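Okay, structure first, notes after.
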Amino acid sequence: MGSFTSVSTLEGDGQFDAYVAQPQSTPRAAIIVIQEIFGVNEGIRRKCDNWAAQGYLAVAPDLFWRDTPHVELNADVAEDFQAAINHMQKLDQDRAIYDIEAAIKFARAQLGGDGKVGVVGYCLGGRLTFMAACRTDGDAFVGYYGVGIDNLLSEQHAIGKPVMLHIPTADGFVPPDVQKKMHEGLKDNRHVVLHDYEGLDHGFAAEMGDRRVEEAAQLADQRTADFFATHL
């Protein structure tokens with residue numbers, strides 16, 4: 001089990017909380033876990049705990065802190081889903097990338113200053129992970145069902161580290177034409193690999209709740225674990 005700690009912003013304009021899960025032995029590397037639109041809820045904290053069990057230092061920054069700190073919502077509750085949409089719409093995603101960079105800096109400091117740091121994100125976090133691959137100095141990036149990545153393809157020239165994207169083909173938030181644009185736009189980028197999951201919808205790898213599809217979630221998570229083991 002982890003706990004929350006404070007992380008200083010890069011701009012020096014405040015601090016935000018992050019859930020930090022420590023492995024039992026010296027960390028092999030660090031992984032920044034980027035939330036869905038539901039905040040750093042139990043599902044995200046469990047993902048951090050799972051990475052810690054595999055020997056990583058895991059850090060999940062609270063990216064909604066500038067508007068509403070400590071958002072914790074349930075994807076299976078209709079009222080929570082609408083509240084999550086509202087929080088997402090208020091989020092300044094460019095500033096969120098600064099906070100992710102601050103979390104990377106924080107994690108490296110915990111590793112002694114020279115450790116490798118990966119980033120993994122889900123839904124909104126999948127989009128932010130792609131943005132982080134373009135704009136931060138992380139060492140490896142994995143995005144699950146990121147929304148709106150097709151609008152970020154012009155930034156891909158800045159990607160210099162390995163990136164993996166998990167794409168469910170029946171994603172209700174990422175239509176087939178958008179998926180096609182992603183595949184065509186990224187096919188020649190040697191740093192990026194995409195995996196399709198036929199017939200699956202958004203959120204299939206959620207740690208808990210009705211959206212999870214167990215076999216596919218395990219496959220995607222194993223691919224992610226192997227990816228980080230290789231690149232971190």
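Counting begins at 1 with the first residue of the sequence. This one's a predicted model, so the numbers in the text were calculated from it and none came from an experiment.
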CA sep, side-chain torsions, deciding dist, call: Y144, T224, side chain to side chain donor-acceptor pair (under 3.5 Å): CA-CA 10 Å; Y144 286 70; T224 300; 2.8 Å; yes

What orientation do [X] and [Y] show, parallel under 30°, tilted 30 to 60°, or perpendicular over 60°?
| X | Y | value |
| --- | --- | --- |
| H202 | F173 | perpendicular |
| Y197 | F204 | tilted |
| F4 | H70 | perpendicular |

Please, which pairs that meet salt bridge (charged side-chain N to carboxylate O under 4.0 Å, His left out) have at least one residue in [range], sequence neighbours excluded?
| range | value |
| --- | --- |
| residues 73-87 | none |
| residues 185-209 | K47-E207 |
| residues 136-147 | R108-D137, R108-D139, D139-K161 |

Exceeds 12 heavy-atom contacts within 6.0 angstrom, atom CD of E214: yes

Look at atom OH of Y98 and say whether more than 12 heavy atoms of other residues, nucleotides or ligands are closer to it than 6.0 Å. no

From C48 atom SG to I32 atom CD1, the distance as rounded to the nearest 0.5 Å: 9.0 Å

Before you tell me yes or no, could you show the steps for F130 and F141 under ring pair (Phe, Tyr, Trp, His ring centres under 6.0 Å), namely the whole-Å CA-CA distance, both residues' side-chain angles and the distance that decides it to 0.1 Å? CA-CA 7 Å; F130 187 86; F141 303 84; 9.4 Å; no

Electrostatic pair R46:E42 at N-O distance under 4.0 angstrom: yes

In terms of hydrophobic clustering (I, L, V, M, F, W, Y; side-chain heavy atoms under 4.5 Å; direct or indirect links), are F38 and V174 co-clustered? yes

If hydrophobic clusters are built from ILVMFWY residues whose side chains come within less than 4.5 Å, do Y145 and L153 share one? no

For S8, all residues meeting side chain to side chain donor-acceptor pair (under 3.5 Å), sequence neighbours excluded: Q15

State, without any angle test, whether D49 and Y19 hold a side-chain donor-acceptor pair at a distance under 3.5 Å. yes

Distance-only side-chain donor-acceptor flag, N41 / E72, under 3.5 Å: no

By side chain to side chain contact (heavy atoms under 4.5 Å, CB included) - contacts of A225 (at least two apart): W51, Q54, Q222

Partners of D13 by side chain to side chain contact (heavy atoms under 4.5 Å, CB included), sequence neighbours excluded? T9, E11, R66, R95

Any sub-3.5 Å donor-acceptor pair from R135's side-chain atoms to I97's backbone N or O? no

Where the side chain of T129 meets the backbone of G143, is there a donor-acceptor pair that is under 3.5 Å apart? no

